[in-house]
J.: 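This structure is in structure tokens; I'll ask about it shortly.
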Amino acid sequence: MSPSPRLRFAPSPTGYLHVGSARALLFNWLVARRDGGEMLLRIEDTDVERNRPELIDNIFEMIEWLGLGWDGKPVHQSDRFDLYTAAAEKLLAEGRAYWCDCTPEQVQARARERGGPPGYDGFCRDRDLERGPSTALRFRTPDEGSTGFDDLVRGQVTFENAKLEDFVLLRSNGTPTFLLANIVDDADMGITHVVRGEEHVNGTPKYILIAEALGLGYRPAFAHLPVLVNEQRKKLSKRRDSVSVAGFRDEGYLPEAMVNYLATLGWGPPDGVEIRPLAEIVELFRLSEVTQSPAFFDVRKLQHFNAEYIRALDGEAFVDRARPFFVHGDGTEEVLRPIASLVQERVRLLTEVEPMVDFLRLESIDGAVDEASWEKGVVKLGERAVAMLDAAVVELASCNWNADAIEAALEAAARSAGFVKPDGTVDMRRAQAPVRVAVTGRSVGPPLYESLAVLGRERTLDRLRAARGKL
RNA sequence: GCCCCCAUCGUCCAGUGGCCUAGGACGCCGCCCUUUCAAGGCGGUAACACGGGUUCGAAUCCCGUUGGGGGUGCCA
């Protein structure tokens, strides 16, 4: 039996955690959970210039929000520079690396001059430079042979060493680069599976070459996940696309829905059932079944998942989950409770809950009447709307105040206002419109009778009269 | 430019040589239900990029073309 797998999620704190990273996190987590292994967390903060420490909290917070934990203590690369420096010195001592004093500008200029491919040309390879104030340490890539690996999702991938440029191991400010720190840590942490985004495929031969040069005898299994793309089929970018996990949380998405949706990007369960408990996904998931082509992050499908998850909540949980999104205080919860189940099956996002019951919370609906709804639901009906409004005021003034009684009263009103179908039955479909718009300000919303029951007789009658007065 | 990868409905997944007149999901359209809107039910729209092979047989294997993506940083 093979040793239990150790995976790692290794984000860098240069931006808020985004859905692409979250997907990589999820897949790592799934492999670890499924095979009884561990998933460690490593903060890749080697770039002191771009590093934003305050974002590390966001990463922790979002992983927690998603409900995906990690094992052990998070490893911060900024605490481990000695390790990387020692590795770099070993490579230098063995002639596998050398100092280079070319500035990025010089490298670029020479590339332009040659008219050849961009990238470093090995200018300092044999200059035997000593370490100086502005020297970077570069890895001496082999001139011959090839480096390849067997990717768990893409199969055999091979690169010719001659095509690999001599890349930087230590910056001139002495800090290690991702390439160096990444491999040193994976070896040190005993990582068995490197599961990451496709953007890392090209860096993998460099990773392997460093490991070999270090004589580590270490070689993890690799799995490169297809990238997540936007509608233009470009890799999701934090700048172009609003894809931060925190953003989705704030818009009212449930973490369970987000995680479930993310699992369907680049993978699908054999039985085709997409919406299902995480525990089942853990059982079903196979890295070898991950798709090889980019996946479009479809917010509309995410919304569908979210709506399904919201509807599946039990009543109390629904109110609990919606509460953080009430910006108008306790009043919202008070008016929501009586019709919570009716609202629950009508929202896709938790942020839609409060607006849906706004008309119940407000003292007056004046100024909150939707123009198009008024036109379509009231004005267009002309005299019939007037008749309905008048009849509704009469009937509702004296009936009992509960949903059933209100329904009966409104039916009676509709009948007296002439809303009767050819077969003699009441045409509530049309008759309810003027009442709904007059009372709720909109032509769509929760069921009317229940809403009026919550609103109360006084406010209902006030609003009906007010609407009547405007005609 | 060079390197690497990818290619089934608009989108996400099924499909691993015959079960495919290609299946499911989201979206969209229609009908039903119905006090609006949702939800639910029923039905529909829509794809194997192209060209060559291999094979009795190809969405599935091979080659090429085209298209797309990723990388090409003293970012990760």
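Lettering follows sequence order; numbering is per chain, from 1. Keep in mind that the numbers below use all heavy atoms, side chains included, and drop hydrogens, waters and symmetry copies.
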J.: Between protein and nucleotides 5-10 of chain B, map the contacts as a letter string: B base, S sugar-phosphate only, - none, heavy atoms under 4.0 Å, written 5' to 3'.
T.: SSS---
J.: Using heavy atoms to find the nearest nucleotide of RNA chain B for A:Gly272 and A:Asp45 separately, return the residue whose nucleotide is more 5′.
T.: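 It is A:Gly272 whose nearest nucleotide is closer to the 5' end.
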J.: If you measure from the P atom in B:rG67 to the same atom in B:rG73, how many Å do you get, rounded?
T.: 25 Å
J.: Which part of the nucleic acid, if any, lies within contact of A:Ala433, taking any heavy atom under 4.0 Å across all strands shown: a base, the sugar-phosphate backbone alone, or nothing?
T.: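 No contact.
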J.: Could you list the protein-to-nucleotides 38-49 of chain B atom pairs, N/O on both sides, closer than 3.5 Å?
T.:
from	atom 1	to	atom 2	distance (Å)
B:rA38	O2'	A:Glu345	O	2.9

J.: So which nucleotide from B:rC12, B:rU36, B:rG73 ends up closest to the side chain of A:Lys301?
T.: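 Between B:rC12, B:rU36, B:rG73, the one nearest the side chain of A:Lys301 would be B:rC12.
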J.: Assign A:Gly266 to base, sugar-phosphate, or nothing according to its heavy-atom contacts below 4.0 angstrom with the strands shown.
T.: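 Counting heavy atoms under 4.0 Å across all strands, the contact made by A:Gly266 is with sugar-phosphate only.
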J.: For the P atoms, the ones on B:rC28 and on B:rU35, what distance do you get once it is rounded to whole angstrom?
T.: 24 Å
J.: Categorize A:Arg233 for me: base, sugar-phosphate, or nothing, with a 4.0 angstrom heavy-atom threshold over every strand shown.
T.: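 Sugar-phosphate contact only - A:Arg233 comes under 4.0 Å of backbone atoms but never of a base.
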J.: So which nucleotide from B:rA14, B:rG70, B:rA25 ends up closest to the side chain of A:Thr291?
T.: B:rA14
J.: How is A:Ser12 classified with respect to the nucleic acid when contacts are heavy atoms under 4.0 Å: base, sugar-phosphate, or nothing?
T.: sugar-phosphate
J.: Classify the side chain of A:Thr264 versus the base of B:rC12 as yes if they form a donor-acceptor pair under 3.5 Å and no if they do not.
T.: no
J.: Please measure how far the P atom in B:rC74 lies from the corresponding atom in B:rG69, and state the result in whole Å.
T.: 25 Å
J.: Expressed in whole Å, how much space separates the C1' atoms belonging to B:rU54 and B:rC62?
T.: 7 Å
